[in-house]
Amino acid sequence: MSRADVSADSIVVLDFETTGLSPDQGDRAIEIGAVRIEAGEVVDSFQQLMNPGRPISQFIADYTGITNDMLRDAPSCEEAMSDFHRFMGDSNLLAHNASFDKRFLDAELQNIAKRYRGEFACSLLVSRRIYQAAPNHKLATLVDYANIESSGGYHRALYDSQMTAKLWLSLLDEIKHRYAVASVPFELVAKLQKTPKKSVDGLLRKWSTA
DNA sequence: TGCCAGGCCCTCTTTAGGGCCTT
């Protein structure tokens, strides 16, 4: 079975908290959270704070609730990312606004000379196509829109990855029910997230009768 | 010195600009 044929409900969902928006500007990861989904069920999780080697800003402390005290004794980014690299394996990967998390994953793994083979899916790109009527496409808004139960602990890596996983399963269910698609392979997700909004109906209708 | 992300997506578009998302 090729990677594209793997079902989209077997995937590693990840989320980074970071010192800022851009690894190219020197920003580092300060926390990684992830859940592994197999056949639509969460079967494992991973959470690790990491010490970026310098103090974090007050903005980031306020935004995430992660303090410099919490990071002082945390393992280094290199140590934490080495553990995470083992957790993710060669699975396909998912994040909300994946372009952001992919940049940090690539940068942090490059620091420890590790590679990965999985391909990224993005719940933001898919939700813009499937939940077109949502008020906006922030993670918290989409969780409410999809009637997913939430305790509101956003902006921590494990919680956000858990909520992204629930949103993802909701999106896959919506595709299956709305378009009578029996299963959603990763290949379909890859096509869907590059398809213009106005062509989404056509793509999925074709897939349902294929 | 001053400035500083970047990819997607829409539109009054494509020889461009600005909002949305992520921290």
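Throughout, a chain's letter reflects where its sequence line sits, starting with A, and its residues are numbered from 1. Everything numeric here is computed off the predicted structure, so don't read it as measured data. Just so you know, these numbers use all the heavy atoms, side chains as well, and skip hydrogens, waters and symmetry mates.
- In this structure, A:I32 atom CD1 and B:dT22 atom P are separated by 16 Å, rounded to whole Å.
- Considering only side-chain atoms of A:T64, the nucleotide from B:dC8, B:dT23, B:dC21 that sits closest is B:dT23.
- In this structure, the nucleotide among B:dC9, B:dT23, B:dT22 sitting nearest to the side chain of A:L125 is B:dC9.
- Within 4.0 Å (heavy atoms only), A:D160 reaches sugar-phosphate atoms of the nucleic acid but no base atom.
- Taking a cutoff of 4.0 Å between a charged side-chain nitrogen and a carboxylate oxygen, A:R36 and A:D44 do not qualify as a salt bridge.
- Across the C1' atoms, B:dG18 and B:dC12 are found 12 Å apart, a figure rounded to whole Å.
- Residues A:R129 and A:T195 have side chains that never bring a donor and an acceptor to within less than 3.5 angstrom of each other.
- If A:P196 and A:K138 are placed on DNA chain B by their nearest nucleotide, the residue sitting closer to the 5' end is A:P196.
- If you check B:dA5, B:dC10, B:dC21 against the side chain of A:R103, the one that comes closest is B:dA5.
- Atoms CG (A:N97) and C1' (B:dT22) sit 4 Å apart, rounded to a whole Å.
- For the pair A:F104 CZ and B:dC21 C1', the interatomic distance rounds to 14 Å; values are reported in whole Å.
- Separating the CZ atom of A:F100 from the C1' atom of B:dC20 is a distance of 15 Å, rounded to the nearest angstrom.
- On the P atoms, B:dC8 is 22 Å away from B:dC4, given to the nearest whole Å.
- Scanning all heavy atoms of the two residues, the minimum distance from A:D101 to A:L14 falls at CB-CD1, 3.8 Å.
- With a 6.0 Å radius and a threshold of 12 heavy atoms from other residues, nucleotides or ligands, A:Q110 has its CD atom at or below the threshold.
- Across B:dT15 and B:dG19, the matching C1' atoms stand 22 Å from one another, rounded to whole Å.
- One finds no side-chain N or O of A:H96 lying less than 4.0 angstrom from the OP1 or OP2 phosphate oxygen of B:dC21.
- A:D62 places its CG atom 13 Å from the C1' atom of B:dT23, with the value rounded to the nearest Å.
- Within 4.0 Å of A:D27, counting heavy atoms only, lies no atom of the nucleic acid at all.
- Counting only heavy atoms from C-beta on, A:S99 has its side chain closest to B:dG7 among B:dT22, B:dC21, B:dG7.
- Of the P atoms belonging to B:dG7 and B:dG2, the separation is 28 Å, rounded to the nearest Å.
- On the P atoms, B:dG6 is 24 Å away from B:dT1, given to the nearest whole Å.
- For the OP1/OP2 pair of B:dC20 and a distance below 4.0 Å, the side-chain nitrogens and oxygens of A:H137 include no atom meeting the criterion.
- Computed from coordinates, the A:D101 CG to B:dG7 C1' distance equals 13 Å when rounded to whole Å.
- Residue-level contact check: A:I30 touches neither bases nor backbone, having no heavy atom under 4.0 Å from any strand.
- Among B:dC21, B:dC9, B:dC4, the nucleotide with an atom closest to any side-chain atom of A:Q25 is B:dC4.
- Side chain of A:Q193 to main chain of A:C122: a donor-acceptor pair is present (N/O by atom type, distance under 3.5 Å, no hydrogens or angles).
- Of the options A:L139, A:N97, A:D15, a side-chain contact (heavy atoms from CB on, under 4.5 Å) to A:T164 is made by A:L139 and by none of the others.
- Protein atom CG of A:L142 is 12 Å distant from nucleotide atom C1' of B:dC20, rounded to whole Å.
- By the neighbour-count criterion of 12 heavy atoms within 6.0 Å, atom CD of A:Q132 is densely surrounded, having more than that number from other residues, nucleotides or ligands.
- Remark: C1' of B:dC20 and CG of A:L124 are 8 Å apart, rounded to the nearest angstrom.
- Among the nucleotides B:dC8, B:dA5, B:dG6, the one closest to the side chain of A:R128 is B:dC8.
- Along DNA chain B, the nucleotide nearest A:K194 and the nucleotide nearest A:T18 are compared for position; the residue whose nucleotide lies closer to the 5' end is A:K194.
- Base engagement by A:F59 is indicated by at least one non-hydrogen atom pair under 4.0 Å involving a base atom.
- The residue A:R129 sits close only to the backbone: its heavy atoms come under 4.0 Å of sugar-phosphate atoms, none of a base.
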